[in-house]
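Everything numeric here is computed off the predicted structure, so don't read it as measured data. Lettering of chains follows the sequences in order, A, B, ..., and the numbering in each one begins at 1. Only heavy atoms go into these numbers, but all of them, side chains included; no hydrogens, no water, no symmetry mates.
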Amino acid sequence: MVLMYDIYEEIIDLTRRRGFIWPTSECYGSVAGFIDYGPLGAMLKRRVEDLWRSFYVYQEGYYEIECPTIAQESVFIGSGHVKEFADKMVQCPHCKEFLRADHIAEAHKTPNAQTMSSEILARTLMSLPCPSCEKIFGPVEVFGFNLMFKTAIGPGTQRTGYLRPETAQGMFTDFQRLLRFYRDKLPFGAVQIGKAYRNEISPRQGMIRLREFNQAEAEIFVHPMQKNHPEFSRYRDYIVPLYSMNEQNNGLSPKKHTMDAAVKTNIIANEYVAYYIALTHELLTKLGIKEERMRFRQHLRDEMAHYASDCWDAEIYSDRFGWVETVGIADRTDYDLNAHAKESGKEFKVFVPFDVPKTKKQLKISADMGKLGPLFKVKAKLIADALKDAIPGETSTRVIVEGEEYEVPNSLFSMKEEIIELRGEEVVPHVIEPSYGIDRMIYAVLECSYYEDEVEGETRKVLRLPARIAPVQVAVLPLMNKEGLDSLASELNSRLRSNAIFSVYDDSGAIGRRYRRHDEIGTPFAVTLDFDTIKDKTVTIRERDSMKQVRVNIDELETLIPGLIHDKIQFESLL
RNA sequence: GCGCCGAUAGUGUAGUGGUUAUCACUAGGCGUUGCCAACGCCUAAACCUGGGUUCGAGUCCCAGUCGGCGCACCA
């Protein structure tokens, strides 16, 4: 796309000047990959997060939790991050290229290079050619590069901790508590909004790739055999542009589908994934992202994690960066819960009752300990336990205990056929994970909202933020600083603020200048008090995008402004 | 991490080794101003950091930081 100017430069300039986004600790020279949210940025971020909450917490009913940003090493051994997040790298001494050491070794038929130590890998590489410049490596150093920030918990270095690379793990490690909280019933979900950290090799692209970033993630635990969303009808006919594997592999464009059709034709794996794709589309639309700048791209087989059954990214088109993955929606199956079960030795299961209890006949074997004891001594108890699951033979029964086989005469136990009632079964839930990059959403919102209008030969910079996420909700402006207009205005300002409306009083400069100032930070409405206000208690409300004004009674503002901000009242209907 | 380029008030800039660093916008104050960046007066505000060369460095050299681009990396 050819642009007259670089919109990114304009946005970065505006966000710095007006206090949205700043380079961090600027007085010490900043650090790449870290940003500060300034006064308006922090407010905008909070409102974006609140919009997210209105979907996931209020609509879906998934409670929010908050876990530490640092966790002990075992959490990330369990999750696989300690192993998976670390790449063994090597720099070619000749051409200075950085390469994956294990990939080179495997390409030259060294099996399991991924599990080799750095020293052995380095020795293996010595005689191999660099895939980039084709010279033989010679002596090289292989170093691990893990994208997680490592730290030490407590004094000394006894206990390793890591800054979380995603907020998700907290919902998994709290699984048993959450299950109890939701009174042992599937499906249920928990969400978390917070910071996550990845030590990127070289972060670029401003707020698109950060070392500290903000995520909003939901983990929804569902029955593995029941992936129909109970509220699917909400989005059954919702239409979303899907860029499926098939379209990507065949060079086609994204196609629009209803969620119902997408699930029925197996483009999307199940109703849960489809439901959150549609919900994400609705959420992004409410943030002000334009339809044509959104698409949902399915991960190709080789980019999908091996355990995932389906994965889609919501991508938003940026004039600067192209298609940017902003949200990921995955069916992660039971991978995470099994992984933590294995590492922690705890149960990550749900007891699911059957509608009708199942009965089954079972042979019950009960050992005669009076005879078993003297015969097998210390092993007697173990053998008795093993007998319970054994298949009885003609005259004696074989059991294996601690690797040794024992022949137990049938006279040492009694057999009885019993009817066992099974009231349910234990299942490891599957996890549906919608994961949102807050910072990327905010950048996308800024890029989509930024406009330069021509007004009477002058350029008007305006952020057309949806009213409900605008940092300042209304500007209160006295037309003049005389005849008590200023004090009337500042009274109104306090009154609005006491109604939880974030208003800002501004009396500096000509009225037009003040309108422009608020256009630039996206303030959707401006209330102006003029000389009629003194006479008849009326004020004007000026709308940011149309610059149209309407005169209303000052006492109506407390209900009108919230109505306008939350889209319950349309400004046009007041004209 | 490699290579190339860049960095001067809040923003955009001028400044070819020599006084007190240019200009505009912005911001603050006062006046003025009867609804879309009007005007007048006043004020505040900068050479990215650290070394070096030089009698003298915003200017030249080196290193670093940050930013941009290309490469590499991005479960």
Inset, instruction - Under a 3.5 Å limit for both distances, which nucleotide forms a Watson-Crick or G-U wobble pair with B:A46, could you say? - result: none

Inset, instruction - Just name whichever nucleotide pairs with B:C4, Watson-Crick or G-U, keeping both distances under 3.5 Å, else none. - result: B:G68

Inset, instruction - Can you tell me, in whole Å, how much space there is between the P of B:C61 and that of B:A45? - result: 32 Å

Inset, instruction - State whether A:Tyr28 places a side-chain N or O below 4.0 Å from either non-bridging phosphate oxygen (OP1 or OP2) of B:C66. - result: no

Inset, instruction - Using atom CG of A:Asp486 as one end and atom P of B:G29 as the other, report the distance to the nearest whole Å. - result: 13 Å

Legend entry - Separation between the C1' atoms of B:C2 and B:U20, rounded to whole Å: 45 Å

Inset, instruction - Have a look at A:Arg514 and say if it touches a base, only the backbone sugar-phosphate, or nothing, with a 4.0 Å heavy-atom cut-off. - result: nothing

Inset, instruction - With RNA chain B as reference, determine whether A:Gly33 or A:Glu166 sits nearer its 5' end, using the nearest nucleotide of each. - result: A:Gly33

Legend entry - Same-atom distance (C1') from B:U53 to B:C62, integer angstrom: 11 Å

Inset, instruction - Return yes if some donor-acceptor pair links the side-chain N/O of A:Asp506 with the main-chain N/O of A:Arg514 below 3.5 Å, else return no. - result: no

Inset, instruction - Could you give the distance separating B:C39 and B:G58 at their C1' atoms, to the nearest angstrom? - result: 36 Å

Legend entry - Option among A:Leu477, A:Ile561, A:Asn493 that satisfies the side chain to side chain contact (heavy atoms under 4.5 Å, CB included) test with A:Val527: A:Ile561

Legend entry - Closest to the A:Val31 side chain, choosing from B:A27, B:C36, B:C66: B:C66

Inset, instruction - Check whether any side-chain nitrogen or oxygen of A:Arg17 sits under 4.0 Å from OP1 or OP2 of B:A9, and answer yes or no. - result: no

Legend entry - Side chain of A:Ala32 - closest among B:A38, B:A37, B:C66: B:C66

Inset, instruction - Kindly state whether the ring of A:Tyr8 and the ring of A:Phe321 have centres lying under 6.0 angstrom apart. - result: yes

Inset, instruction - For ring pair (Phe, Tyr, Trp, His ring centres under 6.0 Å), just list the numbers for A:Phe213 and A:Tyr197, CA-CA rounded to whole Å, side-chain angles, deciding distance to a tenth of an Å, and then say yes or no. - result: CA-CA 6 Å; A:Phe213 57 104; A:Tyr197 303 82; 7.7 Å; no

Inset, instruction - Measure the distance from CZ on A:Arg516 to C1' on B:A27 and round it to the nearest whole Å. - result: 18 Å

Inset, instruction - When you get a sec, tell me which of B:C73, B:U26, B:U11 is the closest nucleotide to the side chain of A:Arg513? - result: B:U26

Legend entry - Counter-base of B:G58, judged by Watson-Crick or G-U geometry with both distances under 3.5 Å: none

Legend entry - Same-atom distance (P) from B:U59 to B:C47, integer angstrom: 12 Å

Legend entry - Of the listed nucleotides B:C66, B:C36, B:U33, the one nearest the side chain of A:Asn481: B:U33

Inset, instruction - Rounded to whole angstrom, note down the C1' distance from B:C60 over to B:C23. - result: 27 Å

Inset, instruction - Mind listing the residues from residues 325-344 of chain A sitting with a heavy atom below 4.0 Å of RNA chain B? Number order is fine. - result: none

Inset, instruction - Please determine, for B:C41, whether a Watson-Crick or G-U wobble partner exists with both distances under 3.5 Å, and give it or none. - result: B:G29

Inset, instruction - Provide the Watson-Crick or G-U wobble partner of B:A14, both distances under 3.5 Å; none if there is no partner. - result: none

Legend entry - Given RNA chain B, 5'-ward residue of the pair A:Glu26 and A:Lys535, judged by closest heavy atom: A:Glu26

Inset, instruction - Side chain of A:Thr528 only, please: which of B:C35, B:G28, B:U33 is the nearest? - result: B:C35

Inset, instruction - For the side chain of A:Ala510, starting at C-beta, report the closest nucleotide among B:C66, B:A38, B:C35. - result: B:A38

Inset, instruction - Report the distance from atom CD of A:Glu200 to atom P of B:C66, rounded to the nearest whole Å. - result: 15 Å

Inset, instruction - Report the base-pairing partner of B:C74 (Watson-Crick or G-U wobble, both distances below 3.5 angstrom), or none. - result: none

Inset, instruction - Give a yes/no on whether any side-chain N or O of A:Arg517 is located under 4.0 angstrom from OP1 or OP2 of B:A27. - result: yes

Inset, instruction - To the nearest Å, give me how far apart CD1 (A:Ile521) and C1' (B:A37) are. - result: 15 Å

Legend entry - A:Trp22 side chain vs A:Arg16 backbone, donor-acceptor pair below 3.5 Å: yes

Inset, instruction - Choose from B:U33, B:C66, B:G28 the nucleotide whose nearest atom is closest to any side-chain atom of A:Met480. - result: B:U33

Legend entry - Atom-to-atom span, CG of A:Leu485 to C1' of B:U32 - whole angstrom: 16 Å

Legend entry - Euclidean distance, A:Asp453 CG relative to A:Glu458 CD, rounded to 0.5 Å: 12.5 Å

Inset, instruction - Measure from the side chain of A:Phe531, starting at C-beta and using heavy atoms only, and say which of B:G34, B:C35, B:U11 lies closest. - result: B:G34

Inset, instruction - Just call it for A:Asp530: base, sugar-phosphate, or nothing, with non-hydrogen atoms closer than 4.0 Å on any strand. - result: base

Inset, instruction - Report yes if the distance between the aromatic ring centroids of A:Phe296 and A:Trp312 is under 6.0 Å, otherwise no. - result: no

Inset, instruction - Starting from P on B:U33, measure out to CG on A:Leu529 and report it in whole angstrom. - result: 19 Å

Inset, instruction - Once you apply the 3.5 Å cut-off to both distances, tell me the Watson-Crick or G-U wobble partner of B:A9, or none. - result: none

Inset, instruction - Look at all strands and tell whether A:Arg209 reaches a base, only sugar-phosphate, or nothing, counting heavy atoms closer than 4.0 Å. - result: base

Inset, instruction - Look at the side chain of A:Gln549 against the base of B:C35 and say whether a donor-acceptor pair falls under 3.5 Å; ignore hydrogens and angles. - result: yes

Inset, instruction - Could you work out the separation of B:G12 and B:C55 based on their P atoms and round it to a whole Å? - result: 37 Å

Inset, instruction - To the nearest 0.5 Å, tell me how far A:Asp313 CG sits from A:Ile329 CD1. - result: 8.5 Å

Inset, instruction - Establish whether the base of B:C36 is bridged to the side chain of A:Arg542 by a donor-acceptor pair shorter than 3.5 Å. - result: yes

Legend entry - Derivation and outcome, side chain to side chain contact (heavy atoms under 4.5 Å, CB included), residues A:Glu543 and A:Phe525: CA-CA 5 Å; A:Glu543 200 256 345; A:Phe525 303 104; 3.7 Å; yes

Inset, instruction - Would you give the length of the straight line joining atom CD1 of A:Ile77 to atom NE2 of A:His81, rounded to the nearest 0.5 angstrom? - result: 13.0 Å

Legend entry - Euclidean distance for P, B:U49 against B:C30 (whole angstrom): 35 Å

Legend entry - Nearest-0.5 Å distance, CD of residue A:Glu491 to CG of residue A:Leu496: 11.5 Å

Legend entry - Short side-chain N/O contact to B:A37 OP1/OP2 from A:Thr459, under 4.0 Å: no

